[in-house]
Amino acid sequence: MSRSPMVVRTVPALRRAVEVLRARKAAVALVPTMGALHDGHVSLVRLAKRRAQKVVVSIFVNPTQFAPTEDFGSYPRTWKADLAALAAEKVDLIWNPDVKAMYPDGFATRIVPEGPAIAGLEDRFRPHFFGGVATVVGKLFTQCRPDVAIFGEKDFQQLRVVTRMAADLDLGVKVIGSRTVRERDGLAMSSRNVYLSPEERQTAPTLYRAMKESARRLKAGEDFEAAMEAGRETIGAAGFALDYFEARHAETLAPIASMKDGPVRILVAAKLGTTRLIDNIGV
């Protein structure tokens, strides 16, 4: 049986534990999560172990990135399974604060990101989201003081926002993106996939297939907008309510009009029943 990692729940305890990890100048990697861990998260932990000698995983469902109409209260919380998964991966430390530890009485400071945070993608539909993400990740970086931090590419706009913030604020953290882990049928792994009904789960991989087909058309030299519109039609015909299906510059997330404007990333967000799914691929 794997030894359980140390779990800390206050900032002073976290600081003391990280100082111990840094003995002999060991590099520290941070993997920020909201728990409900799956194989995608495990892949982040394994990448972290390749990039640093010590690994800290944070588990915190961050209320400031949820709108009142979203699923903060029902977001899956699977502490025992998460602890077992991280023990199996031999993680060194788990940072598991409660809301009061992260946002104590009188908390009044927020980070308001711009650049990739106002690209007209997720921010158009969840205008509160990246301010909440930037604030909590900024706190995690200053609390844990990691050398590197690992984020999944599935939340691609988030990855770009966090990367920009770390550079702009001189936080001393190298942000590393990890490839999206997919089910066998192409669906990107997500903690919210548990919300899908069996019928919706069968339909959900349409997003990935539509992105792949539009990418194929773009690489073949087809008309740029026609290739993207074909993907939108495929997604709509499958029963999704589409928020966006866009080809953007992979670094800045700025709109582009041709493959020559690249590197290119296709990004999608759509709702299937009550479940909102996001995904992306490089072209």
Side-chain angles (χ1 to χ4, degrees), residues 33-44 59 61-63 65-82 84-85 120-129 133 151-159 178-218 225-248 265-283:
T33 83
M34 294 206 301
L37 305 183
H38 50 67
D39 285 350
H41 294 107
V42 171
S43 75
L44 304 183
I59 298 179
V61 183
N62 176 38
Q65 67 192 63
F66 290 79
T69 57
E70 294 179 340
D71 61 341
F72 174 72
S74 61
Y75 192 86
R77 292 163 171 84
T78 56
W79 171 254
K80 287 185 179 179
D82 293 349
L121 296 166
E122 283 298 287
D123 52 292
R124 196 151 49 96
F125 297 89
R126 305 180 72 197
H128 59 285
F129 180 68
V133 167
F151 289 80
E153 287 188 350
K154 185 182 77 70
D155 299 284
F156 196 78
Q157 189 176 6
Q158 173 179 277
L159 173 62
S178 182
R179 290 179 62 181
T180 301
V181 177
R182 300 184 179 277
E183 305 286 357
R184 289 188 176 184
D185 57 9
L187 177 65
M189 289 189 177
S190 168
S191 300
R192 288 187 169 98
N193 289 350
V194 299
Y195 298 157
L196 295 168
S197 71
E199 295 77 14
E200 290 166 346
R201 177 61 187 82
Q202 293 296 311
T203 302
T206 301
L207 293 184
Y208 182 60
R209 291 194 293 268
M211 289 190 296
K212 294 283 283 186
E213 177 60 16
S214 288
R216 184 194 66 77
R217 292 180 179 225
L218 291 174
E225 185 51 38
M228 295 305 297
E229 187 58 33
R232 295 182 191 109
E233 290 175 359
T234 296
I235 292 166
F240 287 87
L242 184 64
D243 282 350
Y244 58 81
F245 185 81
E246 301 277 347
R248 296 296 187 94
R265 199 91 185 177
I266 295 176
L267 303 101
V268 63
K271 187 173 281 190
L272 188 59
T274 60
T275 307
R276 189 171 184 272
L277 302 174
I278 66 171
D279 204 350
N280 66 89
I281 62 171
V283 179

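None of the values given here were measured: they were computed from a predicted structure.
Nearest heavy-atom pair across Phe151 and Leu159 is CB-CD1, 3.9 Å. Taking each heavy atom of Glu70 and His128 in turn, the nearest pair found is OE1-NE2, 3.1 Å. Of all the heavy atoms in Pro205 and Gln202, the pair that sits closest is CD-O, 3.4 Å. Of all heavy-atom pairs between Ala270 and Ile235, the closest is CB-CG2, 4.3 Å. Taking each heavy atom of Glu200 and Leu272 in turn, the nearest pair found is O-CD2, 3.2 Å. Across Pro76 and Val194, no two heavy atoms sit closer than the pair CG-CG2, 4.3 Å.
Looking only at distances, no side-chain donor or acceptor of Thr180 sits under 3.5 Å from a matching main-chain atom of Ala188.
Taking the salt bridge (Lys or Arg N to Asp or Glu O under 4.0 Å) definition, one finds that Asp123 meets it with nothing, sequence neighbours left out. Remark: Arg216 pairs with Glu213 by the salt bridge (Lys or Arg N to Asp or Glu O under 4.0 Å) rule, at least two apart or across chains.
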Trace of the side chain to side chain contact (heavy atoms under 4.5 Å, CB included) decision for Gln157 with Arg248: CA-CA 11 Å; Gln157 189 176 6; Arg248 296 296 187 94; over 6 Å; no
Intermediate values then yes/no, side chain to side chain contact (heavy atoms under 4.5 Å, CB included), Thr206 and Thr234: CA-CA 8 Å; Thr206 301; Thr234 296; 3.9 Å; yes
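Here the CD atom belonging to Gln158 is positioned 5.0 Å from the CZ atom belonging to Phe129, to the nearest 0.5 angstrom. One finds the CZ atom of Arg265 at 4.5 Å from the CD atom of Glu153 (value rounded to the nearest 0.5 Å). To the nearest 0.5 angstrom, His41 atom NE2 is 8.0 Å from Ser190 atom OG. Rounded to the nearest 0.5 Å, atoms CD1 (Ile278) and CG (Asp155) are 4.0 Å apart. Taking NZ of Lys154 as the reference point, atom CG of Asn280 lies at 9.0 Å (rounded to 0.5 Å). Once rounded to the nearest 0.5 Å, the distance linking CD1 of Ile266 with OH of Tyr208 reads 11.0 Å.
A salt bridge between Arg232 and Glu225 is present, with a side-chain N of the basic residue lying under 4.0 Å from a carboxylate O of the acidic one. Using a cutoff of 4.0 Å between basic side-chain nitrogens and carboxylate oxygens, Asp185 and Arg201 are scored as salt-bridged. A salt bridge is defined here as a Lys NZ or Arg NE, NH1 or NH2 lying under 4.0 Å from an Asp or Glu carboxylate O, and Asp71 with Arg276 fails to meet this definition.
Within the 4.5 Å cutoff, the side chain of Asp279 has heavy atoms near those of the Arg182 side chain. Between Leu277 and Phe240 there is a side-chain heavy-atom pair separated by less than 4.5 Å. Proximity of Thr275 to Asn193: side-chain heavy atoms (C-beta onward) are nowhere separated by under 4.5 Å.
With no hydrogens or angles considered, no side-chain donor-acceptor pair links Arg217 and Ser214 at under 3.5 Å.
Each of Glu229, Met211, Glu233 was evaluated against Phe245; a single residue qualifies, Met211, per the side-chain contact (heavy atoms from CB on, under 4.5 Å) test.
Between Tyr75 and Phe66, the two ring planes are perpendicular [angle over 60°; tilted spans 30° to 60°].
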